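Everything quoted here is computed from the prediction, not taken from an experiment. Ligands are counted one by one from 1 in listed order, and the atoms in each one are counted from 1 as well.
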Amino acid sequence: MEELKRLVAKEALKFIDDDMIIGLGTGSTTAYFIQMLGKKLMTGELEDIYGIPTSHQSRLLALESGVPVVSLDEVDAIDIAVDGADEVDPHLNLIKGRGAALTMEKIIEYRAGTFIVLVDESKLVEYLGQRVPVPIEVIPAAWRAIKEELEVFNATAELRMGTKKDGPIITDNGNFILDAKFEKIEDPLDMEIELNNIPGVVENGIFADIADIVLVGTKEGVKKLER
Ligand SMILES: O=C[C@H](O)[C@H](O)[C@H](O)COP(=O)(O)O
């Protein structure tokens, strides 16, 4: 699995040129991309690259790997964003947010000229919600009300708990995460909008219609899917 992640990360580097502003995704797959990008900058194979991190994780890793970082309000445009995903459907709609970084990821990736997604073949699904719940970032005071309101969509939601912290995890933005299990998400774009209409929801992990290219790591090599 790690080999497949490395393979797609390497493939994503082929889309990178000098003078680019790159959205740096979060998670274990993108981590390889950030480290490889750092190496290319160190050897001089790439120049004048700036990364816009989508989380504390990607910011710290970028700094450690020698990738200079800037924030969204310092740039006019983002050339490319590169990130992992938890599910990809046949129309390249995604579920993201296992790492709780979905809000900043969507802010950056929505605005990127090209959004490239890196996954291994186990993430490909027939419909969203097949394997994983939809992470929803919520304002802490509203978590219980939102959990109950999600029943309208036949979803059962759990407050995500910390592992090396007592109580719920706190996102980079100071909020909670509800993981909402749906039976089947028939219309991802509609569901994405509906969820964001609930007062107290900051953002949800459905990324409908924004991925341009999905690079899929398979045992036979990297497959490129395009929308
Ligand atoms: O919040 C986390 C992100 O959405 C990740 O990009 C996603 O969970 C994929 O992570 P990984 O590449 O580690 O499977």
Could you identify the single nearest non-hydrogen protein atom to atom 11 (P) of ligand 1 and state the distance to 0.1 Å?
S28 OG, 3.4 Å
When you measure from atom 10 (O) of ligand 1 to every protein heavy atom, which one gives the shortest distance, and what is it?
R98 NH2, 3.2 Å
Check the surroundings of atom CD in E158: do more than 12 heavy atoms from other residues, nucleotides or ligands lie under 6.0 Å from it?
no
Taking only heavy atoms of K96, which atoms of ligand 1 are found under 4.0 Å from at least one of them?
3 (C), 4 (O), 5 (C), 6 (O)
Donor-acceptor under 3.5 Å (D79 side chain, I21 main chain):
yes
Would E137 and T103 count as having a side-chain donor-acceptor pair, cut-off 3.5 Å?
yes
Donor-acceptor side-chain pairing of Y127 and E186 below 3.5 angstrom
no
Tell me whether E126 at atom CD has more than 12 heavy atoms from other residues, nucleotides or ligands lying less than 6.0 Å away.
no
Residues K219, E121: salt bridge by 4.0 Å N-O rule:
yes
Give the atoms of ligand 1, by number and element, whose distance to some non-hydrogen atom of A101 is under 4.0 Å.
1 (O)
Regarding K96 and the six-membered ring of F207, is the cationic atom NZ or CZ under 6.0 Å from the ring centre and inside 45° of its axis?
yes
Protein contact of atom 3 (C) of ligand 1 - nearest heavy atom, named by residue and atom, plus distance:
E105 OE2, 3.0 Å
Within the 4.0 Å heavy-atom shell around D86, which atoms of ligand 1 are there?
7 (C), 8 (O), 9 (C)
How far is atom 12 (O) of ligand 1 from its nearest protein heavy atom, and which residue and atom is that?
T29 OG1, 2.6 Å
Does G97 come within less than 4.0 angstrom of ligand 1, counting non-hydrogen atoms of the residue?
yes
Note: ligand 1 atoms sitting under 4.0 Å from heavy atoms of G84 are 6 (O), 9 (C)
Please list, in number order, the atoms of ligand 1 under 4.0 Å from a heavy atom of K123.
14 (O)
D83: numbered ligand 1 atoms lying under 4.0 Å from its heavy atoms:
6 (O)
What atoms in ligand 1 come closer than 4.0 Å to a heavy atom of T26?
3 (C), 5 (C), 6 (O)
Salt bridge or not for E148 and R144, using N-O below 4.0 Å?
yes
Counting non-hydrogen protein atoms only, what is the nearest one to atom 2 (C) of ligand 1? Give residue, atom name and distance.
G99 N, 3.1 Å
Backbone, side chain, both or neither: what part of P135 comes under 4.0 angstrom of ligand 1, heavy atoms only?
neither
V82, L63, L61 screened by side-chain contact (heavy atoms from CB on, under 4.5 Å) with I34, the one that passes
L61
Please determine if K5 has a nitrogen or oxygen closer than 3.5 Å to a nitrogen or oxygen of ligand 1.
no
Any heavy atom of S55 under 4.0 Å from ligand 1? The part involved is neither
Side-chain donor-acceptor pair under 3.5 Å between T30 and D83, yes or no?
yes
